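Letters A, B, ... are given to chains in the order of the sequence lines, protein chains preceding strands, and every chain is numbered from 1. What you are looking at is a predicted structure, and each value in this text was computed from that prediction instead of being measured.
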Number of protein chains: 2
Amino acid sequence: MSEARARLLKAATELFYTEGIHAVGVDRVIAAAQVTRATMYRHFPSKDDLVVAYLTQADEAIRARTAAARAQDATPEDIVRAVGTHIADDIQRRGFRGCAFLNAAAEYPDPAHPVHKAVLKHRKWFLDTVTELLAAAGETHPEPAARHFVMLRDGAMAAGCLTDPKPVRDTFLAGIEGLLKYRNR
Amino acid sequence: MSEARARLLKAATELFYTEGIHAVGVDRVIAAAQVTRATMYRHFPSKDDLVVAYLTQADEAIRARTAAARAQDATPEDIVRAVGTHIADDIQRRGFRGCAFLNAAAEYPDPAHPVHKAVLKHRKWFLDTVTELLAAAGETHPEPAARHFVMLRDGAMAAGCLTDPKPVRDTFLAGIEGLLKYRNR
DNA sequence: GGCGAGATAGAACGATCGGTCTACTTGAGT
DNA sequence: ACTCAAGTAGACCGATCGTTCTATCTCGCC
């Protein structure tokens, strides 16, 4: 990846995530990245492509983080907890502004739009992954349990930047513990 | 309320909720409401005011619906269930596009913005209300339980328009039943 | 009939929007 | 030295944006 492209993606990520996608025009991304319009359009044919790239990069980071958690030498329950802890830690991170994917979906509600599609792709992977993790932890009904996990995750992501993140984080982790405690097996 | 104002609010509600706030310019609201620009600005000093009015109307509708549920002759548990059922029914409604408040917050992340403030105001009322309902249902720790309820609600709202709403609805209602079943008392 | 409230039609404003284009420069590789 | 890829500077385009404004009309009330 070229340096200009990296600067563009970094600037877009920060601005889109912090202020919203429609609220940030390409001019601001260009200025923050210190590149020219021609350079931007050389790397991304349109603003939509830049947005998709931003989401794809976020998706890849979460996948890598989740793969690392699965590769560690831990019990299946602890891997579920580790994934939960990643989310909980995000919520308390400085600059946390909710879930990039949910925020993007709110701004691009048309299911046919490439941005919306990128969101759905990420979410499918995440739900499938949590399903696998819960099955590995002995849950005999992993699909409903995973849906519950994801619901808590989505709710925690939504609320974590609208209120004090501490109780949101605690509620979320307690919910995950409840899922592990009351699992069917 | 004048007829023109009502038409404006109705048009804004449909367009903003369906397509997103930034994605819909005042021209489209004006055309859909069949009023002139002067009429729109006569009733709403700015687009932001129109957006706040849209959210305020949604807030009032939910408050009225909740008040009606509380006024019914039912056990406290059943009132909690009724509130949950409202949410579940919304999720399966034709045209469901998530939570108007969460969607608006995604587009207006600045806590000082009047739109963002309208979102927070609604959410505070909702959390307080659920806290009261759970206390009335005998929950000795109503605040954490209410946070859990709201987290499930937020998660269900977020996911209900990104995937098949049926399992989302079922997961949500099961979560509420779990809250009632495992309450502390 | 006169008045006031509320509505109409629609032009105009300055700013921003996403995207296109030209001319030129720089640096690495051959 | 030449070529090519990638970058620069920045002008330009048509469209849209949210807002302001003027002139006029309609309707209900007194």
Take D154(B) and D154(A) through the test side-chain contact (heavy atoms from CB on, under 4.5 Å) and record every step on the way to the result. CA-CA 7 Å; D154(B) 288 342; D154(A) 287 343; over 6 Å; no
The correct set of residues in residues 111-119 of chain B placing a heavy atom under 4.0 Å from DNA chain D is none
Here the distance between atom P of dC27(D) and atom CD of E3(B), to the nearest Å, is 13 Å
- prompt: Should H43(A) be listed as having a side-chain N or O under 4.0 Å from OP1 or OP2 of dG7(D)?
  reply: yes
Phosphate OP1/OP2 of dA6(D): any T39(A) side-chain N/O under 4.0 Å: no
For residues 132-143 of chain A, the side chain to side chain donor-acceptor pair (under 3.5 Å) pairs (sequence neighbours left out) are R70(A)-E132(A), E139(A)-N184(A)
Between D128(A) and T131(A), is any side-chain donor less than 3.5 angstrom from a side-chain acceptor?
-> no
Sequence neighbours excluded, the answer for salt bridge (charged side-chain N to carboxylate O under 4.0 Å, His left out) partners of R7(A) is E3(A)
Sorted by number, residues from residues 4-20 of chain B placing a heavy atom under 4.0 Å from DNA chain C are A4(B), R7(B)
In whole angstroms, the gap separating C1' of dG18(C) from CG of D49(A) amounts to 12 Å
Hits for ring pair (Phe, Tyr, Trp, His ring centres under 6.0 Å) against H86(A), two or more places apart or cross-chain, chain-then-number order -> none
Whole-Å distance, Y41(B) OH to dG18(D) P, equals 7 Å
* To do: Spell out, as yes or no, whether a donor-acceptor pair under 3.5 Å connects the side chain of K124(A) to the backbone of V119(A).
  => no
Listed pairs, N/O of protein and of nucleotides 21-30 of chain C, under 3.5 Å:
none

Next item on the list: Using a strict cut-off of less than 4.0 Å between a Lys/Arg side-chain nitrogen and an Asp/Glu carboxylate oxygen, indicate whether E19(B) and R28(B) qualify as a salt bridge.
Entry: yes
Salt bridge (charged side-chain N to carboxylate O under 4.0 Å, His left out) filter on D90(B), not counting sequence neighbours, yields R65(B), R93(B)
Contacts satisfying ring pair (Phe, Tyr, Trp, His ring centres under 6.0 Å) that involve residues 102-122 of chain B (not counting sequence neighbours) are H22(B)-Y108(B), F101(B)-H122(B), Y108(B)-H113(B), H122(B)-W125(B)
Atom CZ of R42(B) and atom P of dT8(C) are separated, to the nearest Å, by 11 Å
Inset, instruction - Answer with yes or no whether the side chains of T56(B) and D59(B) bring together a donor and an acceptor at under 3.5 Å. - result: no
Expected output: side-chain T85(A) to main-chain R81(A) donor-acceptor under 3.5 Å: yes
Here the ring pair (Phe, Tyr, Trp, His ring centres under 6.0 Å) pairs for residues 25-67 of chain B, sequence neighbours left out, are F16(B)-Y54(B)
Between CZ of F44(A) and P of dG7(D) the distance, given in whole Å, is 11 Å
The correct set of residues in residues 23-36 of chain A placing a heavy atom under 4.0 Å from DNA chain D is Q34(A), V35(A), T36(A)
Contact class for H22(B) vs. all strands (heavy atom < 4.0 Å): base, sugar-phosphate, or nothing? nothing
So the ring pair (Phe, Tyr, Trp, His ring centres under 6.0 Å) pairs with at least one residue in residues 147-185 of chain A (sequence neighbours excluded) are Y182(A)-Y182(B)
The salt bridge (charged side-chain N to carboxylate O under 4.0 Å, His left out) partners of R37(A) (sequence neighbours excluded) come to D27(A)
In whole angstroms, the gap separating C1' of dG10(C) from CE of M40(B) amounts to 16 Å
